[in-house]
Protein chains: 2
Amino acid sequence: MAATILLVEDEPGIQELVKFNLTQAGHSVLCADSAEMATGMVKHSLPDLVLLDWMLPGMSGIDLARKFRADGRMKNVPIIMLTARGEERDKVLGLETGADDYITKPFSPRELSARIKAVLRRRAPQMTEDKVEIRGLSLDPVSHRVTGNGTPVELGPTEFRLLHFLMTHPERVYSRSQLLDQVWGDHVFVEERTVDVHIRRLRLALEPTRHETLIDTVRGAGYRLSAQPA
Amino acid sequence: MAATILLVEDEPGIQELVKFNLTQAGHSVLCADSAEMATGMVKHSLPDLVLLDWMLPGMSGIDLARKFRADGRMKNVPIIMLTARGEERDKVLGLETGADDYITKPFSPRELSARIKAVLRRRAPQMTEDKVEIRGLSLDPVSHRVTGNGTPVELGPTEFRLLHFLMTHPERVYSRSQLLDQVWGDHVFVEERTVDVHIRRLRLALEPTRHETLIDTVRGAGYRLSAQPA
DNA sequence: CGGTATTGTCACGAGTTTGTCACAGAGCTG
DNA sequence: CAGCTCTGTGACAAACTCGTGACAATACCG
């Protein structure tokens with residue numbers, strides 16, 4: 001349930017308060033004062049969730065949400081809007097913003113917690129059917145085909161799911177147990193080191209396409225699929 | 001992607017919200033407050049999709065779903081159930097009565113949108129009467145004839161439907177159970193491995209036309225008819 | 001009615017996939 | 001550098017998947 005949350009909020013008081021509550025709830029919190037700052041912060045690692053103030057100086061929350069949705073990497077990261085009272089709920093949820101939920105200020109910690117939990121829970125069975133493409137490697141869930149620089153790649157079912165998960169969550173380190181949860185399923189009892197072996201098999205399978213370095217080992221933390229060449 | 005959607009929901013607030021979101025997404029929305037009203041509304045024109053609240057005053061959502069399924073005209077209109085949280089048991093029941101999917105309240109517009117898209121896509125490419133042609137293999141539903149590179153091919157009824165389905169949905173992997181649903185029919189009880197046998201018979205029948213490699217086996221996933229030669 | 005075609009099921013076996021382990025090597029710490 | 005931890009690697013056995021041939025039940029048809 002613990003998650004990395006990006007909080008975009010310009011009022012220092014509210015920012016502090018929310019951050020405190022989220023930290024208490026066991027989440028890691030990254031704060032940004034502006035849309036620009038937020039944009040920079042998601043460059044190299046993705047949050048699990050974005051808390052986005054509706055009104056921001058400069059680029060508004062709505063614009064940022066739209067921008068995130070347009071960005072392939074951020075497309076699947078859920079967004080919760082923070083709105084002042086009186087702003088139309090329909091407007092927030094509906095107008096092509098792509099927000100997943102909204103909360104009206106002032107809100108209680110409990111409410112915030114509940115919304116976050118709900119959104120995170122929904123995110124779990126998020127099997128998109130969209131084709132993913134990174135650094136010349138393309139994976140199509142529908143036709144179940146993987147191609148690297150034109151060369152077709154043969155993968156077993158598990159390797160396929162693993163690669164799919166990593167490609168839909170690039171630039172983010174996942175521990176072995178997180179990968180087991182996400183790729184194998186929460187309830188499965190499998191040794192953590194098994195992940196290593198599958199990562200290896202993936203790397204081997206990708207070798208002919210010169211994509212060996214796509215998956216980084218982050219010592220002591222887990223693995224990460226990097227969107228940019230090292 | 002735009003569709004006519006019948007929304008059956010008694011709570012005015014939710015009805016309004018959902019209607020707003022659907023309209024924003026480009027759909028036409030018809031609203032009904034009760035099962036009786038919904039029944040009347042489908043008398044003269046069919047929606048593309050029904051969004052059905054689980055709990056309704058009077059006739060419940062599940063009864064209405066059953067009624068729709070019994071009605072020949074509505075039999076092929078997909079139904080998505082809206083359920084309150086914690087009605088897990090009902091989910092099973094709902095799917096049994098012929099609902100195509102279900103969404104747990106509260107749900108986000110994005111989630112709703114995604115489900116609708118998925119359900120519509122699943123139903124969309126219905127069997128047409130048009131001739132299909134792929135890689136020199138042609139199938140004519142009207143004359144019930146199949147020709148591969150000039151050579152006529154003899155197929156049994158089931159093989160014919162299977163090939164027809166695959167040819168109208170190329171480059172897409174289907175699991176055995178999906179194929180059973182689509183080719184054999186939704187509620188037929190047949191062993192999954194039966195699909196294998198029919199795939200084999202298809203391949204055998206296509207052998208004289210040198211189309212053996214038309215149907216790929218995707219290990220752990222199902223079968224796929226590939227539009228391009230390997 | 002007999003014969004043929006179609007269909008669903010099964011059992012067997014070759015070939016794959018997968019989880020686990022043991023060991024080697026790499027990386028960090030002091 | 002020594003000692004420790006962490007990761008890469010090759011091997012292996014068990015589990016699983018799929019193709020295949022055979023068979024019985026049923027439908028179809030002249």
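Below, chain A is the first sequence line, B the second, and so on; all start at residue 1.
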TODO: Let me know the distance between CD1 of A/I199 and P of C/dG19, rounded to the nearest Å.
DONE: 13 Å
Open item on the list: Below the 4.0 Å mark, does D/dT17 have OP1 or OP2 next to a side-chain nitrogen or oxygen of B/R176?
Closed with: no
Open item on the list: Rounded to whole Å, please give me the gap between CG in B/L155 and P in C/dA5.
Closed with: 15 Å
TODO: Could you tell me whether A/T158 contacts a base, only the sugar-phosphate backbone, or nothing, with contacts defined as non-hydrogen atoms closer than 4.0 Å?
DONE: sugar-phosphate
- [ ] Check the angle between the aromatic planes of A/F160 and A/H144 and answer parallel, tilted or perpendicular using the 30° and 60° thresholds.
- [x] parallel
- [ ] Taking atom types as modelled, find out whether A/Q15 and A/D33 have a side-chain donor-acceptor pair closer than 3.5 angstrom.
- [x] yes
Each nucleotide N or O in nucleotides 9-15 of chain D that has a protein N or O under 3.5 Å away: list the pair and distance.
from: D/dT9; atom 1: OP2; to: A/R200; atom 2: NE; distance (Å): 3.4
from: D/dG10; atom 1: OP2; to: A/R200; atom 2: NH1; distance (Å): 3.3
from: D/dG10; atom 1: OP2; to: A/R200; atom 2: NH2; distance (Å): 2.5

Can you name the atoms? Protein N/O to nucleotides 28-30 of chain C N/O, anything below 3.5 Å, with the distance.
none

Task: Between D/dC28 (P) and B/E154 (CD): distance, integer Å - done: 18 Å
- [ ] Decide yes or no for B/S226 and B/E171: does some side-chain heavy atom of the first lie under 4.5 Å from some side-chain heavy atom of the second?
- [x] yes
Open item on the list: Please check: side-chain N/O of A/T23 versus main-chain N/O of A/K19, any donor-acceptor pairing under 3.5 Å?
Closed with: yes
- [ ] Could you tell me whether a side-chain N or O of A/D140 sits under 3.5 Å from a main-chain N or O of A/R145, the two making a donor and an acceptor?
- [x] no
Task: Interatomic distance, B/L206 atom CG to B/L214 atom CG [nearest 0.5 angstrom] - done: 6.5 Å
Open item on the list: Mind checking if A/Y223 touches a base, just sugar-phosphate, or nothing, with heavy atoms under 4.0 Å?
Closed with: sugar-phosphate
Open item on the list: Using whole Å, what does the distance between atom C1' of nucleotide D/dG19 and atom CD of B/E192 come to?
Closed with: 16 Å
- [ ] Would you tell me if any nitrogen or oxygen in the side chain of A/W184 comes within less than 4.0 Å of OP1 or OP2 on C/dT18?
- [x] no
TODO: For the residue pair A/L202 and A/L155, establish whether any side-chain heavy-atom pair is separated by less than 4.5 Å.
DONE: yes
Open item on the list: Tell me whether the rings of B/F165 and B/Y174 are parallel (<30°), tilted (30 to 60°) or perpendicular (>60°).
Closed with: perpendicular
Open item on the list: I need the NE2-P distance between B/H198 and D/dG19, as an integer number of Å.
Closed with: 14 Å
- [ ] Could you check how far CG of B/L179 sits from P of C/dT7, rounded to whole Å?
- [x] 15 Å
TODO: May I ask you to say what A/T217 touches in the nucleic acid, namely base, sugar-phosphate or nothing, with a heavy-atom cut-off under 4.0 Å?
DONE: sugar-phosphate
Open item on the list: Under a 3.5 Å distance rule, please check whether B/D48 uses its side chain to pair with a backbone N or O of B/I5 as donor and acceptor.
Closed with: no
TODO: Take the protein atom CD1 of A/I215 and the nucleotide atom C1' of D/dT7, then report the distance between them rounded to whole Å.
DONE: 14 Å
Open item on the list: Tell me the interatomic distance from B/E191, atom CD, to D/dT17, atom C1', rounded to whole angstroms.
Closed with: 15 Å
